Amino acid sequence: MNANVIIINKKDNVAVALADIKKGTQAILADGAFIEAVSDIPYSHKIALADIPRGTDIIKYGELIGEAKIDIKKGEWVHTHNLDIEEKGK
């Protein structure tokens with residue numbers, strides 16, 4: 001099967017959807033590993049690669065982009081409803 005998500009940097013704890021991914025289907029990585037989507041993941045949006053506890057940094061492009069507002073489950077959509085994108089230290 002072809003990958004439908006991409007990890008941009010090895011430090012990332014989220015991947016980016018290359019297509020719409022429906023809840024209950026598989027998000028497939030380039031190496032063939034997969035994650036079950038526990039929510040609908042829109043095209044170009046982020047999916048959690050592992051459980052991310054509340055307050056944990058969200059890393060994309062190898063860079064900090066925010067922190068989890070709530071506990072995020074592996075395979076869950078990561079977006080503004082569960083991601084605090086305010087800059088830390090301000």
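Heads up: numbering here begins at 1 and tracks the sequence. Values in this document were obtained by computation on a predicted structure and should not be read as measured data.
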Smallest heavy-atom separation, Lys60 atom then Ile8 atom, equals CE-CD1, 4.3 Å

Distance col, row Glu76:CD vs Lys74:NZ, nearest 0.5 angstrom, shows 13.5 Å

- Kindly say whether Leu18 contributes a backbone atom to a donor-acceptor pair with the side chain of Asn4 at under 3.5 angstrom? no

Separation between CD1 (Ile65) and CD1 (Ile59), nearest 0.5 Å, reads 8.0 Å

Taking every heavy atom of Ala27 against every heavy atom of Ile21, the minimum-distance pair comes out as CB-CD1, 4.0 Å

Atom pairs and distances, donor-acceptor, side-chain atoms in residues 31-50, under 3.5 Å, two or more places apart:
residue	atom	partner	partner atom	Å
Asp31	OD1	Ala33	N	2.9
Ser39	OG	Trp77	N	2.9
Asp40	OD1	Lys23	N	2.7
His45	ND1	Trp77	NE1	3.0

Scanning both residues in full, the closest heavy-atom pair of Gly62 with Asn9 reads N-CB, 3.3 Å

*Are Tyr61 and Val16 linked, directly or through other ILVMFWY residues, by side chains that come within less than 4.5 angstrom of each other?*
yes

Rounded to the nearest 0.5 angstrom, the CG-CG distance for Leu64 and Asp57 is 4.5 Å

Residue pairs meeting ring-ring contact (aromatic ring centres under 6.0 Å, His included), one or both in residues 2-32, sequence neighbours left out, come to none

In this structure, CD of Glu67 is separated from CZ of Arg54 (nearest 0.5 Å) by 9.0 Å

Distance col, row Leu83:CG vs His81:NE2, nearest 0.5 angstrom, shows 9.0 Å

Shortest non-hydrogen pair, Asn82 vs Ile72, comes out as O-CD1, 3.6 Å

Legend entry - Lys69 atom NZ, neighbour heavy-atom count above 12 within 6.0 Å: yes

